[in-house]
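Proteins come first, then strands; the chains are lettered A, B, ... in the order of their sequence lines, and each starts at number 1.
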2 protein chains.
Amino acid sequence: MGRKRAQVTLTDVAKRAGVSVATASKALNERDEVAPATRHRVIQAAEELSFQPNVLARSLISGNTRTVGLLTDELSAARFAIPVLLGAENALGNEQMSVLLCDARGDAIRRRHYIRALLARQVDGFIILGDNNEIRPSLSREIPVPVVYAYCESDDPADLSVVADDAGGARLAAEHLVSLGRKRIAHITGDPGYRAARDRAAALVEVLDAAGLPLIGEALFGQWSQRWGRHATARLLATHPDIDAIFCGSDQIASGVTEALRDLGRTVPEDVAIVGYDNWEVLAAECRPPLTTVDLNLEQLGATAVRHLFAALDGDHHSGVIRQPGRLVVRESTAVAGPIPRR
Amino acid sequence: MGRKRAQVTLTDVAKRAGVSVATASKALNERDEVAPATRHRVIQAAEELSFQPNVLARSLISGNTRTVGLLTDELSAARFAIPVLLGAENALGNEQMSVLLCDARGDAIRRRHYIRALLARQVDGFIILGDNNEIRPSLSREIPVPVVYAYCESDDPADLSVVADDAGGARLAAEHLVSLGRKRIAHITGDPGYRAARDRAAALVEVLDAAGLPLIGEALFGQWSQRWGRHATARLLATHPDIDAIFCGSDQIASGVTEALRDLGRTVPEDVAIVGYDNWEVLAAECRPPLTTVDLNLEQLGATAVRHLFAALDGDHHSGVIRQPGRLVVRESTAVAGPIPRR
DNA sequence: GAAATCTTTGAAAACCTTTTCGGGAATAGT
DNA sequence: ACTATTCCCGAAAAGGTTTTCAAAGATTTC
């Protein structure tokens, strides 16, 4: 342990190029007080030794490590966090920055531990990555570097949060159903404890009101599961056999709904059109029929968060809530006359 | 940019405690050449200033950063990588180490870039995280620190790889079906390009041979999708209507198979018992009926990989392939006489 | 031809923490 | 009382890079 590897240091490069470390440093850092010939010699030497500047030593001087801490809350429920993470990592990669990832597993103590661990590693900034678009207590007080919240919203309006636009997504779905001429639209969704569920339901009602249509039955809140989708569908059809569309709070629910409808002898989309939410490929694309659904654009959300983190690192701090719009993905579960080639 | 934050340094702590930095260091590092009273004073001062030792500066001296690089290949197909990652992170967390995560997206150039970036950050070791248990070219030549391969296997026998035991898992499933008295067992699985698919099929045949049973029909290779599961089931029943069990290569396939069987008027598990693979909760537990399946124990696999990485960091380098056993999760799709209260 | 200016280079300082080494003080033993 | 021992503290070094500043060299101007 502690056995240190043979590291190629700037001194080695300088020696090989026959210059001083100072000159070598300047040559490699694109400063212009160095003669072209010398620079070339240094660069060549660096390549020959496959020299990698030691980021750590540099950070002691320049103060930045080109590393951001990414704190997730519940990576095991990874469906949402991963795309955001990927989008973020993408955007970071272009800037030659790296990600230090920690997963707090929804535990406040563990989170504090990780925040300290990341700060000890001199990260330049933090991205707090939520997993359900929910409001949560601000952590910015404990963190002396810029923080951006992604797929969750800080309760401190001075923070910057980038969240998915649930209301907007639901409006897309609702307007799609209305534009198809459906009149008897119902809503089956997940846990009412989730803001996403409430926001989407509210937006649906809003659109229906504007179109002069009723919401058939109450919005049915339950769990985010196929099981609940099946159960709710049976219940709904028992009381309202005349529905012609169901907007579901998630693809998982929609998958259960579709199954139950088939069992009950209704065809999708002819008798009942279905719209899901999340565009979870494995369920949405493999469903019978494939589901029209709302994609949350999570990768873009992650990229947006990173962009704003960079701005903050440059001293340009924004605050408030940015709502990242989703987009409607039309598949057969609403496309009556063959797949609509809309994009 | 480059604006360095006000960092509490050991000097500040020492000053506040009225001792030298050396004494402060010793006091905080639990070395015993410091008077209890002095130590207490230092610790108190450190807490008052909420001092965080600068891990980076320390690493310049001691040579280790307590950070490992985790290089994934395709995080977007996250289903498999995430549990491994979580298990690894868990094991690392206990050792106060951190994870630097990079996702190469299956691109060799990007991978090289990340390896260099991580090396520049002085990571102590690497975990190469695969996503399909496959053999792949060794990267250890380009990496001057210990490397462990997880959920993939290096083609260099000098490397250490920790993979899921596909043959063992398939044996568990096959023996389960045999022990239930099923005699007409078929196999529907995914892409034959995957070693996992071939290994599982081979192990199944092995178990059946040992029990004196035939494999009904050929092993049906296709895609890892519900769609293929449905299609293959229809084909299978057309030629072999008398099957009484199907071992599926994944839960996704099993889900499609189950659906198709129901459509075709067969009951599960009475007429046909089903075993899936992966224990992908969303599909396996929500299926009708819930699926008996093989859990790959991926979290444990990640933890094992980390344990061996630590060993290697301590100079105790192993090599070869470690096969992490899976475990059978029994649910209703094979439990004929009511749910078995096994745990 | 000499002076002034500009370019290029290298020595040394700075960054922050840990560790080593030597000295000083207190305690115990003779 | 004096020496031997133990215990603790402070000064300084080490680690690799960047930056600063002074000096050397080259070029231009008068």
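Note on R39(A): every side-chain N or O is 4.0 Å or more away from OP1 and OP2 of dT8(C). Contact between the side-chain N/O atoms of T23(B) and the OP1/OP2 oxygens of dG10(D) is found at a separation under 4.0 Å. For T9(A), no side-chain nitrogen or oxygen approaches OP1 or OP2 of dG16(D) to under 4.0 Å.
When the P atom of dG16(D) is taken as reference, atom NZ of K15(A) falls 11 Å away, rounded to whole Å. Atom CD1 of I61(B) and atom P of dT20(C) are 11 Å apart (whole Å).
Look at E30(A) and R39(A) and you find no salt bridge, because none of the NZ, NE, NH1 or NH2 atoms lies under 4.0 Å from a carboxylate O. Salt-bridge annotation for D73(A) and R136(A): present, with a side-chain N of the basic residue lying under 4.0 Å from a carboxylate O of the acidic one. Ion pairing of R105(A) with E74(A) is absent here, as no side-chain N (NZ or NE/NH1/NH2) approaches a carboxylate O to less than 4.0 Å.
Of the candidates M97(B), Q122(B), R121(B), Q122(B) is the only one forming a side chain to side chain contact (heavy atoms under 4.5 Å, CB included) with T65(B).
The listed nucleotides are dC8(D), dG10(C), dG16(D); the one nearest the side chain of S20(A) is dG10(C). Of the candidate nucleotides dG10(D), dC9(D), dT17(D), dC9(D) has the atom nearest to the side chain of V34(B).
Between G18(B) and A57(B), the one whose closest nucleotide on DNA chain D sits nearer the 5' end is G18(B).
As judged by a 4.0 angstrom heavy-atom cut-off over every strand, A22(A) is placed among the base-contacting residues.
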